[in-house]
K.L.:
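Below is a structure I'd like to ask you about.
In what follows, every chain begins at residue 1, and chains take the letters A, B, ... in the order their sequences are listed.
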Amino acid sequence: MSIQLYNTLSQKKEVFTPINPDEVTMYVCGPTVYNFVHIGNARPVVIFDTLFRLLQRHYPSVKYARNITDVDDKINAAAKANGETIRELSERYALAYHEDMGQLNTLPPTLEPRATDNIDAMIEQIQALIDHGHAYESEGHVLFQVSTDKEYGKLSHRKLDEMIAGASERVDEASYKKEPADFVLWKPSTDDLPGWDSPWGRGRPGWHIECSAMINKHLAKTIDIHGGGQDLIFPHHENEIAQGTCCHNEGEEQFVRYWMHNGYLNIDGEKMSKSLGNFFTVRELLELWPGEVIRYALLTAHYRKPLDWTKDLLASAKASLDRLYGALRDAPLDLDDSVEHPMLSELESHLCDDLSTPQVLAVLHALAGEINKADGNAKVQLQKVLRKAGDFVGLLNQDADAWFKWQPAGQQGGLSDGDIDALIAERAQAKKDKNFARADQIRAELKDQGIILEDSPEGTRWTRD
RNA sequence: GGCGCGAUAGCAAAGCGGUUAUGCACUGGAUUGCAAAUCCACGUAGGCCGGUUCGACUCCGGCUCGCGCCUCCA
């Protein structure tokens, strides 16, 4: 089954053929760690985690790198305000990032290079750009001269002169630039700012250089897949291409073969962004919802489409997962990789079609329907299939009972599991005594606390609403 | 101004030139001491106007509306 991916470069779906099928390479732009990440940051992480899982099933080895940007003017400012080093600040938020992404059941990338550990590679690449006549030094800065790159604009599908014309009011016409579109590779640091020694004096890297330098250093000259949010297409990824190709000999090698970009997350129909301030951090959402609900919600829309983030979306994701976990009641937790089923191939074919996750979720529900109609060994087998299907997209990996008993961190302090079990025992006795009034009273009391009882021949089960 | 994306039933969201998406919500039935869960049944949706076609939600053109990017942003 071949994998098809939409390539921003060609603006169409292409059959994915890696340079080296024995080792697929993928790079995804990670966070700038100066704060807790927001839900918009989580979308690409979940999307590319889903792709990572798919690739791992198709190829023996997948090298997936996701960087941590730990030097940046926002980090510098935040650290200075706290009176700490950028390392201390970024360390703290990198840890929080790992915790948050772990809650979304994302696998750790194969490697996670940090900008500050790779300054040498950046300096080396900048020097190569200068040597090849694509960059120049000016007033302590090193700039990439965009007009020297004939291919510039091929990712964002813009022409350089149009960009300059359209953006004339916005582009920073700093004195040290030869041409307005030139962008910074290296900039000087004053004594109170983090800096590294370089051939151009003590300074720090521009934003774009870290990714192309770390890709060359840790992955390869040419990698298979590079991913990120749509807002990175221009200028960030366009500039990465310029750096990543121009630092080598002319026309030598492609930088990235497949560029993938996820759509935005909207809040009330408006783009969520740090600058607009209309964002939720993953951390605050995790106070109210299980991480799996957030992951499911992110997978309900196709990754290239915008996704409107609302409370209804989360409530609906929760309800959908309730149905899926309902089919996994009493199912063993361990994965049985050997299990086979036509619906697994169907599901895989949807994933292979440019990560068509909405269709994947439909297959999960079809499986749940089959399970609910089956019994005995057939049911057990189908439950194993559903577990495996869920694993394909990083869902349904917890115990169903635990799922139904989950409660928000912010709301703990109500009835404990023990309190509930005691009331259920009392109700069982009342039922035995045909005291249905008392039994119903207990049901009603628990319902007021958000506890739903389900009687069955095997006993009474409860779930938190 | 340049470039791009979208418009599907109450809500969310897919595929597909002719035949069920799916989930949530709603309604009826089965089941249940009462419930819940589950099962069964139930929706001529496809912005507007043309065109192609035996047939269009699906292809083509135009229009309207909404959104994004054009050097802070996932």
K.L.:
Which nucleotide in the list B:rU38, B:rC34, B:rG23 gets nearest to the side chain of A:S316?
P.N.:
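Closest of the options to the side chain of A:S316: B:rG23.
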K.L.:
Distance only, no hydrogens: is a donor on one side chain within 3.5 Å (strictly under) of an acceptor on the other, for A:Y325 and A:E292?
P.N.:
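Judged by distance alone, the side chains do pair up.
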K.L.:
Please classify the nucleic acid contact of A:I39 as base, sugar-phosphate, or nothing, using heavy-atom distances under 4.0 Å.
P.N.:
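Here A:I39 touches no strand at all.
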K.L.:
Give the rounded distance in Å between these two atoms: CZ of A:R329 and P of B:rC39.
P.N.:
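Between P of B:rC39 and CZ of A:R329: 14 Å.
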K.L.:
Ring pair (Phe, Tyr, Trp, His ring centres under 6.0 Å) with A:Y64: which of A:F52, A:F48, A:Y27?
P.N.:
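Of the listed residues A:F52, A:F48, A:Y27, the ring pair (Phe, Tyr, Trp, His ring centres under 6.0 Å) partner of A:Y64 is A:F52.
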K.L.:
For a quick test of reading the model: is some side-chain N or O of A:N372 closer than 4.0 Å to OP1 or OP2 of B:rC39?
P.N.:
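Indeed, a polar side-chain atom of A:N372 lies that close.
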K.L.:
Is there a Watson-Crick or G-U wobble partner for B:rG46 with both distances under 3.5 Å, and which nucleotide is it?
P.N.:
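Looking at the geometry, B:rG46 pairs with no nucleotide.
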K.L.:
When you compare the side chains of A:Y303 and A:D354, does any donor N or O come within less than 3.5 Å of an acceptor on the partner?
P.N.:
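Judged by distance alone, the side chains do pair up.
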K.L.:
Applying the Watson-Crick and G-U wobble criteria at under 3.5 Å, what pairs with B:rA41? Answer none if nothing qualifies.
P.N.:
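Pair assignment: B:rA41 / B:rU27.
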K.L.:
Could you tell me how far B:rA35 sits from B:rA45 if I compare only their C1' atoms? Round to whole Å.
P.N.:
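It works out to 35 Å between them.
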K.L.:
Please give me every residue in residues 449-465 of chain A whose heavy atoms get under 4.0 Å of an atom in RNA chain B, ordered by residue number.
P.N.:
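Within this stretch, A:I452, A:L453, A:E454, A:D455 sit under 4.0 Å of the strand.
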K.L.:
Can you tell me how far C1' of B:rG66 sits from CG of A:D308, to the nearest Å?
P.N.:
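For the pair A:D308 CG and B:rG66 C1', the rounded distance is 12 Å.
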K.L.:
Check whether the side chains of A:Q145 and A:T148 place a donor and an acceptor atom closer than 3.5 Å, and report yes or no.
P.N.:
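Per modelled atom types, A:Q145 and A:T148 side chains form no pair under 3.5 Å.
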K.L.:
In whole Å, I'd like the distance from the NZ atom of A:K311 to the P atom of B:rC11.
P.N.:
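Rounded to whole Å, this separation is 19 Å.
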K.L.:
Could you check whether A:R427 gets within reach of a base, just the sugar-phosphate, or nothing at all, counting any heavy atom under 4.0 Å?
P.N.:
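Base contact.
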K.L.:
Please determine, for the side chain of A:K271, which listed nucleotide (B:rG33, B:rA74, B:rC70) has the closest atom?
P.N.:
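The closest nucleotide is B:rA74.
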K.L.:
It should be established whether A:K305 places a side-chain nitrogen or oxygen under 4.0 Å from OP1 or OP2 of nucleotide B:rC67.
P.N.:
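Answer is no, no contact under 4.0 Å.
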K.L.:
Would you say the side chains of A:W462 and A:D417 form a donor-acceptor pair under 3.5 Å?
P.N.:
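Per modelled atom types, A:W462 and A:D417 side chains form no pair under 3.5 Å.
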K.L.:
Does a donor on one side chain sit under 3.5 Å from an acceptor on the other, for A:D192 and A:T190?
P.N.:
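Yes, because at least one side-chain N or O of A:D192 sits under 3.5 Å from a partner of the opposite role on A:T190.
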K.L.:
Here's a test of your reading of the structure: between A:A362 and A:Q359, which maps to the more 5' nucleotide of RNA chain B?
P.N.:
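Checking each residue's closest nucleotide, the 5'-ward one belongs to A:Q359.
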K.L.:
Which one, B:rG23, B:rU71, B:rA13, comes nearest to the side chain of A:A181?
P.N.:
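Closest nucleotide among those given: B:rU71.
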K.L.:
Looking at B:rC34, which nucleotide sits across from it as a Watson-Crick or G-U wobble partner, both distances under 3.5 angstrom, or is there none?
P.N.:
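Looking at the geometry, B:rC34 pairs with no nucleotide.
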K.L.:
Look at the side chain of A:D440 against the base of B:rG33 and say whether a donor-acceptor pair falls under 3.5 Å; ignore hydrogens and angles.
P.N.:
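By the distance-only test, yes, there is a pair.
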K.L.:
For the pair made of CG in A:L347 and P in B:rA14, what is the distance, rounded to whole Å?
P.N.:
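My rounded result for the distance is 16 Å.
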K.L.:
Can you tell me, in whole Å, how much space there is between the P of B:rA74 and that of B:rU38?
P.N.:
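Pairwise P distance, B:rA74 against B:rU38, rounds to 40 Å.
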K.L.:
When you check the side-chain N and O atoms of A:Y152 and A:N239, is any donor under 3.5 Å from an acceptor?
P.N.:
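Note: A:Y152 and A:N239 side chains meet the donor-acceptor criterion.
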K.L.:
Going by purine N1 to pyrimidine N3 plus the second Watson-Crick contact, or the G-U wobble pair, all under 3.5 Å, which nucleotide sits opposite B:rG1?
P.N.:
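Across all strands, the one nucleotide that pairs with B:rG1 is B:rC70.
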K.L.:
Checking A:R461 against A:F404: charged group under 6.0 Å from the ring centre and within 45 degrees of the axis?
P.N.:
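No, a cation-pi geometry is absent between A:R461 and A:F404.
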K.L.:
RNA chain B: A:E370 or A:H302, which has the more 5' nearest nucleotide?
P.N.:
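Its nearest nucleotide lies further toward 5', so the answer is A:H302.
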K.L.:
What is the separation between atom CD1 on A:I294 and atom P on B:rA74, rounded to the nearest whole Å?
P.N.:
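Those two atoms, CD1 and P, are 18 Å apart.
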K.L.:
Between B:rC72, B:rG33, B:rC70, which nucleotide gets closest to the side-chain atoms of A:K431?
P.N.:
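Of all the options, the side chain of A:K431 is nearest to B:rG33.
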K.L.:
Check the pair A:R427, A:D455 against salt bridge (Lys or Arg N to Asp or Glu O under 4.0 Å), reporting the backbone distance first and the verdict last.
P.N.:
CA-CA 11 Å; A:R427 178 167 168 275; A:D455 291 337; 2.8 Å; yes
K.L.:
For B:rG46 versus B:rA12, give the span between their P atoms, rounded off to a whole number of Å.
P.N.:
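My reading of the P atoms in B:rG46 and B:rA12 gives 16 Å.
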K.L.:
So A:R443, base contact, sugar-phosphate only, or nothing? Heavy-atom distance under 4.0 Å.
P.N.:
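If one applies the 4.0 Å heavy-atom cut-off, A:R443 turns out to touch a base.
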K.L.:
In whole angstrom, give the distance that lies between atom CG of A:N35 and atom P of B:rC72.
P.N.:
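These atoms are roughly 19 Å apart.
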K.L.:
Counting heavy atoms from C-beta on, name the nucleotide in B:rA13, B:rG68, B:rC72 closest to the side chain of A:Y264.
P.N.:
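Nearest to the side-chain atoms of A:Y264, counting from C-beta on, is B:rG68.
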K.L.:
Please report the distance separating the P of B:rC40 from the corresponding atom of B:rG18, rounded so that it comes out in whole Å.
P.N.:
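27 Å, rounded to whole Å.
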K.L.:
Under a 3.5 Å cut-off for both distances, is B:rG6 Watson-Crick or wobble paired, and to whom?
P.N.:
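Pair assignment: B:rG6 / B:rC65.
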K.L.:
Nearest whole angstrom, please: distance from the P of B:rG68 to the CG of A:L307.
P.N.:
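Value for this atom pair: 15 Å.
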K.L.:
Side-chain N or O of A:R323 less than 4.0 angstrom from OP1 or OP2 on B:rC39?
P.N.:
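Answer yes for this pair, as a side-chain N or O of A:R323 is under 4.0 Å from OP1 or OP2.
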K.L.:
Of the nucleotides B:rU71, B:rA74, B:rU38, which one has an atom closest to the side chain of A:L265?
P.N.:
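Among B:rU71, B:rA74, B:rU38, the one nearest the side chain of A:L265 is B:rA74.
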K.L.:
For A:G40, answer base if it contacts any base atom (sugar-phosphate contacts may also be present), sugar-phosphate if it contacts only those atoms, and nothing otherwise; contact means non-hydrogen atoms under 4.0 Å.
P.N.:
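Base: the residue A:G40, judged by heavy atoms under 4.0 Å, touches a nucleobase.
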K.L.:
Of all the nucleotides listed (B:rG4, B:rC39, B:rA21), which has the minimum atom distance to the side chain of A:Q11?
P.N.:
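Of the options given, the side chain of A:Q11 lies nearest B:rG4.
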K.L.:
Using purine N1 to pyrimidine N3 plus N6-O4 or O6-N4 for Watson-Crick, or N1-O2 and O6-N3 for G-U wobble, each under 3.5 Å, what pairs with B:rU22?
P.N.:
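Its partner is B:rA12.
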K.L.:
Once you apply the 3.5 Å cut-off to both distances, tell me the Watson-Crick or G-U wobble partner of B:rC59, or none.
P.N.:
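Paired with B:rC59, as far as the under-3.5 Å criterion goes, is B:rG51.
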K.L.:
Under a 3.5 Å threshold, yes or no: a donor from one side chain and an acceptor from the other, between A:Q125 and A:S212?
P.N.:
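Yes, because at least one side-chain N or O of A:Q125 sits under 3.5 Å from a partner of the opposite role on A:S212.
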K.L.:
Between B:rG51 and B:rC5, how far apart are the C1' atoms? Round to whole Å, please.
P.N.:
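That atom pair is separated by 24 Å.
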K.L.:
Taking atom C1' of B:rC24 as reference, at what distance in whole Å does atom NE2 of A:H365 sit?
P.N.:
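My rounded result for the distance is 9 Å.
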K.L.:
Expressed in whole Å, how much space separates the C1' atoms belonging to B:rA9 and B:rG2?
P.N.:
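Taking atom C1' in both B:rA9 and B:rG2, they lie 37 Å apart.
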